[in-house]
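Every chain is numbered from 1, with letters handed out A, B, ... down the list of sequences.
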Number of protein chains: 2
Amino acid sequence: MLVAERWQRIVQLVNERGSIRVTELSELCQVTEETIRRDLDRLESEGKLMRSHGGAVSVKEAQSEVPFLERETAHADFKSAIAKEAVSHIREGDRIILDASTTAWYMAKLIPDMQLTILTNSMKVALEVSGKEKIQVISTGGLLSPKSLSYVGPLAERSLDMYHVHKLFLSCKGVHIQRGISESNELQALIKRKMISIADETYLLADHSKFGMQSLTQVAAWPEIKHVITDGLTNKEDVERIREKGVHVIQLDKE
Amino acid sequence: MLVAERWQRIVQLVNERGSIRVTELSELCQVTEETIRRDLDRLESEGKLMRSHGGAVSVKEAQSEVPFLERETAHADFKSAIAKEAVSHIREGDRIILDASTTAWYMAKLIPDMQLTILTNSMKVALEVSGKEKIQVISTGGLLSPKSLSYVGPLAERSLDMYHVHKLFLSCKGVHIQRGISESNELQALIKRKMISIADETYLLADHSKFGMQSLTQVAAWPEIKHVITDGLTNKEDVERIREKGVHVIQLDKE
DNA sequence: CTTCTTTTAATCAAAGATAAACAAAGACAA
DNA sequence: TTGTCTTTGTTTATCTTTGATTAAAAGAAG
């Protein structure tokens, strides 16, 4: 039997059974366990399977082993980099708003434990910062939106009315050079408009995928947004045109 | 069975059940408890689960800071039984309040998916019922109390002001035959008073350990409480005296 | 707070699995 | 053919995993 054939057979067997022992493969392929081990090492380095003491497990099986917290990995690196930059704009003593976006959630994870008041409509953000002793967390209540675990509706808006903050860190669905930012959900748009109205300064957190998109509901025009933080893949011309509107745009380096 | 397979199985079981004991895993996987402990240590260091005395908790459960395996302790059994009885008083279409107590959290777990509006100041309760499609969840916002993950303060009270509910399920720190119910925390007491004022009927959920205790702040006198649900260990005389005040007391059987 | 029980961590020995070194066999090109 | 390279098997030393035993720690109960 050809070597390549054996490799193929091993991968197939592992995938069929989910897992298999070296001993068994040795018998099935009629080669010594040593050879099987060498095959497995090689196949693992090619990502075809995962090694385990005594045998191998299929990649698929091994992946389902990590079903915990959080699905979104797309753009995660960009979001996380943007979040990091945004966090560096927070000062001791600030009162800030974090919205219910993934980027805000990353921010919540990154914020150091310092004297700070955080107002949010996101349950995930609230949960994340609740462990930090010096941070005071205020949650708008409201109707709980089950998918995003965020609060919306009239109660959320009225809650915001009671406060005033220094900085707002906001995300959106679409960023348009002329028209400003937009949101796909009417309820979310209302909340975001309210947030902008009670904040001194608004930081828009938007990765490159948001640019050029326009969504259902307009949230704000450019003069209302003071800062934009975006990643290195955003079109430089777009960035320049937004700067011409008087917005302070921070573009991160590529990678 | 391959080690990796066992690890997968353990992670899966932990995630399905939220928590699991070493003993059970040992039986299910047919290895000694020692081995399971070593597996758990390893899986914990990989972030796949969280270790706890006697077993393991899924990462998700652990985030909601639930005292692990509390359900298996004596007190928890009472609380769970009381919660079960309380849930049976909920009707399709009801608007109800669940407070931020452990018992309310048990209720949240037990409530079937039916057309219902739940108003709560507990993040844990909100999280728990957020998965149920037919249930509308409204959270009072407010200042987040990190230990209990509940909302308190003026914003929470004002939020409650906007609503009216049919039934309130309430717990407390102390139940006094003459003076009614009390709470150790002033902020919590204010919230609870407000809750009582916007509810048609109040169900007090109190296990036997609460009786005879009197805490700092008075929350309500007897006429305001319409129903009391307690367990079988509560002094029968106490129960009788409370009934004389015109309160409908449901005492569960022992066990 | 103290006692009693359960759970854990540490250590050891045995079984099993692995990696490293080396030799043998086969493939292939000059 | 010869020399080199790859693949495979063999041997041996090493590392991992496991269960058993025991002392210490943590929790529950009174």
Nearest whole angstrom, please: distance from the P of D/dT7 to the CD1 of A/I10. 14 Å
Which one, C/dT18, D/dT7, D/dT10, comes nearest to the side chain of A/H53? C/dT18
Any carboxylate oxygen within less than 4.0 angstrom of a Lys/Arg side-chain nitrogen, looking at A/R37 and A/E34? yes
Between C/dA14 (P) and B/E34 (CD): distance, integer Å: 18 Å
Distance below 4.0 Å between B/R51 side-chain N/O and C/dT8 OP1 or OP2: yes
B/R243 with B/E240: basic N within carboxylate O range, under 4.0 Å: yes
Strictly under 3.5 Å: I want the nitrogen or oxygen pairs between protein and nucleotides 25-28 of chain C, one per line.
none

Is the phosphate of D/dT6, meaning OP1 or OP2, less than 4.0 Å from a side-chain N or O of A/R38? no
Given D/dG19, is OP1 or OP2 found less than 4.0 Å from the side-chain N or O atoms of B/T35? yes
Side chain to side chain contact (heavy atoms under 4.5 Å, CB included) with B/L49: of B/D39, B/I10, B/L13, only one passes, and it is B/I10
Taking only N and O in the side chain of B/R6, is any of them less than 4.0 Å away from OP1 or OP2 of D/dT18? yes
Could you tell me whether A/S26 contacts a base, only the sugar-phosphate backbone, or nothing, with contacts defined as non-hydrogen atoms closer than 4.0 Å? nothing
Which pairs of donor and acceptor atoms, one on a side chain in residues 134-146 of chain B, lie under 3.5 Å apart (sequence neighbours left out)?
{"unit_1": "B/Q136", "atom_1": "OE1", "unit_2": "B/T117", "atom_2": "OG1", "d": "3.4"}
{"unit_1": "B/S139", "atom_1": "OG", "unit_2": "A/Y151", "atom_2": "OH", "d": "3.4"}
{"unit_1": "B/S145", "atom_1": "OG", "unit_2": "B/S148", "atom_2": "OG", "d": "3.4"}

Shortest side-chain distance from B/D41, nucleotide among C/dA9, D/dT8, D/dG27: C/dA9
May I have the distance from A/L40 (atom CG) to C/dA17 (atom C1'), rounded to whole angstrom? 12 Å
For B/H208 and D/dA29, what is the distance between atoms NE2 and C1' respectively, to the nearest whole Å? 12 Å
So, under a plain 3.5 Å distance rule, would you say the side chain of A/R21 forms a donor-acceptor pair with the base of C/dG16? no
Charged N to carboxylate O under 4.0 angstrom, B/K48 versus B/E44? no
Check the orientation of B/H227 and B/H89. Use parallel for under 30°, tilted for 30 to 60°, and perpendicular for over 60°. tilted
Write down the distance between CD (B/E33) and C1' (D/dA20), rounded to a whole number of angstrom. 13 Å
In whole angstroms, the gap separating P of D/dG19 from CZ of B/R37 amounts to 12 Å
Write down the distance between CG (A/D39) and C1' (C/dT18), rounded to a whole number of angstrom. 15 Å
So B/M195 and B/D99, side-chain contact (heavy atoms from CB on, under 4.5 Å) or not? Walk me through it. CA-CA 9 Å; B/M195 285 177 170; B/D99 73 356; 4.2 Å; yes
Quickly work out the A/E44 CD to C/dT18 C1' distance and round it to whole Å. 13 Å
